[in-house]
Amino acid sequence: MMKKITLLIMLLTVSLGFAQSLPFDFESSQPFVGGDGATVSAIDDGGNQVLEIVGNGAQWDHAKVTFASVLDLSDSDNNTIKFKMKAPGAGATDVQEHLLKFESPSSGGDLEVTFTTTGSDWQDIEVDMDNGNTTPTSYGDMIIMIDWGGGPTSGTTATYLVDDISIGATTTGTDATLSDLTVDGSTITGFDSNTTTYTVEVANGTTVVPTVAATTNDDGATAVVTPAGSLPGDTTIEVTAANGTTKKTYTISFSFPITFPFDFEGSTQGWIGDGGPGVSNGSGSDVLEVTAGVSDWDNVQVTFTTPVDLSDDDNNTLRFTIQSTTAADNEIHQHGISFQDTSGGAAGSYEANFQTTGQEVANIELDFTSGLGTSAKLVIFTDVGDLGAIKATPNVAGTDTKGLSGTYIIDNITLGA
């Protein structure tokens, strides 16, 4: 009996000697187990014992440790998990997203925070658990998901090394702001580190996305630039602070100037429906297609980047084509043009009526009068009665079709002589 008691005491001593509690330096023990296909082991790395996690491409492959006693993360001043991590096989600029998760809570739900690594060098990671999805409490298990299922590198098969896992106060930087943001080598107009959205105009017809470069305020932070896929489009800059968890995203929206001419090649930028119409770029992405309802004043409209000048009587003729794709043969539809939000000339809107017949392509030419000013908005009414603020010729009116609906193709809108 005495031998059994002695053996039990020895087993307990060994067990307590390898108790699963922070910190973990892997020099004398390796308490983690692999999950969802990942394998774990302690290996030598330059004379140090570290944790090796070998993934298998599963969405949730991970390493897990169950603590001997629950880990209290409720102290906001001392609940930052710190460790070193590297991905030996990663490229110099490769960014991997991971997940640190705590399960078996004393109350509430599981706690999780994402973090990233870049390249293949050892990195100091600090994960502030106050940045998680729920208020921290105490937990029985800690999980490191290496390329987690909700992240952009989900499904990646990779090997990671982890060392020196501890808990304490945050020490590394949390600054995820930029000190400079340039487009084709010049600082963006109005740049401020706390402003995250910008709009930059590029010349009509531009096809090459401008080059964006970012400089972080903290040398330990990283900035990843994702260029717009095409123009118009958005380039995003995701900044990750030195702690690996604090992030900020800046967005630059590249757009063409909203002004004449409008050829709709690849974009209907700036045009919106009002009163019911749907607006699209057509099947060939080269026209303004308007699917109108039966509202009295349903229309499509555009607000110019800079108000257009209609004061030059020699250069204020509006031209465009319009075609109904739904009208019956010889069916007449009446439409209207209205330059609105005017200034500096004749008061009120500058308007004209025009008509289409059946599904014929109508070439519309409206010569506006002298004495006009500038206009900030152009409105095309799809089916109306007679507009009254007539400032152009010809003015074809007298047929009230505001109760009708239809689909119309509009193209090549110009203003000139």
Side-chain angles (χ1 to χ4, degrees), residues 232 255-256 258-304 308 310 317-342 348-368 375-415:
S255 62
F256 297 125
I258 302 176
T259 191
F260 294 107
F262 296 102
D263 64 9
F264 304 110
E265 291 294 331
S267 174
T268 59
Q269 178 187 329
W271 288 86
I272 60 172
D274 181 55
V279 175
S280 74
N281 207 190
S283 59
S285 296
D286 57 0
V287 296
L288 177 65
E289 183 175 70
V290 184
T291 303
V294 295
S295 300
D296 286 355
W297 302 104
D298 45 357
N299 65 79
V300 289
Q301 57 183 259
V302 64
T303 298
F304 303 112
V308 297
L310 298 168
T317 297
L318 184 70
R319 297 179 177 87
F320 58 95
T321 63
I322 182 170
Q323 176 190 18
S324 170
T325 61
T326 53
D329 290 345
N330 300 314
E331 183 176 88
I332 295 175
H333 286 251
Q334 182 163 304
H335 320 284
I337 282 285
S338 180
F339 282 101
Q340 298 182 358
D341 297 343
T342 61
S349 299
Y350 309 150
E351 298 180 337
N353 299 286
F354 64 95
Q355 295 179 354
T356 56
T357 302
Q359 296 187 21
E360 300 172 7
V361 177
N363 292 283
I364 306 301
E365 182 173 312
L366 300 172
D367 183 14
F368 282 81
S375 169
K377 181 190 296 184
L378 174 64
V379 180
I380 303 177
F381 293 99
T382 51
D383 275 287
V384 293
D386 291 344
L387 299 181
I390 306 305
K391 293 292 190 298
T393 58
N395 178 57
V396 183
T399 302
D400 186 340
T401 61
K402 61 178 176 286
L404 298 181
S405 63
T407 298
Y408 299 94
I409 303 297
I410 301 171
D411 202 6
N412 295 322
I413 307 176
T414 64
L415 183 72

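- Q323 is not listed as a side-chain neighbour of T356, based on a closest heavy-atom distance of 4.5 Å or more.
- Counting all heavy atoms, side chain and backbone alike, I258 lies closest to T303 at CG2-O, 3.3 Å.
- Between Y408 and H335, the two ring planes are perpendicular [angle over 60°; tilted spans 30° to 60°].
- Counting only distance, with no hydrogens or angles, the side chain of S375 and the backbone of Q340 share a donor-acceptor pair below 3.5 Å.
- For the pair I337 and L378, the minimum side-chain heavy-atom distance is below 4.5 Å.
- Using a 4.5 Å heavy-atom threshold, the side chains of N363 and R319 count as separate.
- Between I413 and I380, the closest side-chain pair of non-hydrogen atoms falls below 4.5 Å.
- Between F262 and V302, some side-chain heavy-atom pair lies under the 4.5 Å cut-off.
- Side-chain contact annotation: T401 with Q334, donor-acceptor N/O pair under 3.5 Å absent.
- The two atoms that bring L366 and A392 nearest to each other are CB-CB, 4.2 Å, heavy atoms only.
- By the 4.5 Å heavy-atom criterion applied to side chains, N299 and V384 are not counted as neighbours.
- Residues D383 and V294 fail the side-chain proximity criterion, which asks for heavy atoms closer than 4.5 Å.
- Residues F354 and I364 are in side-chain contact: their nearest non-hydrogen atoms beyond the backbone lie under 4.5 Å apart.
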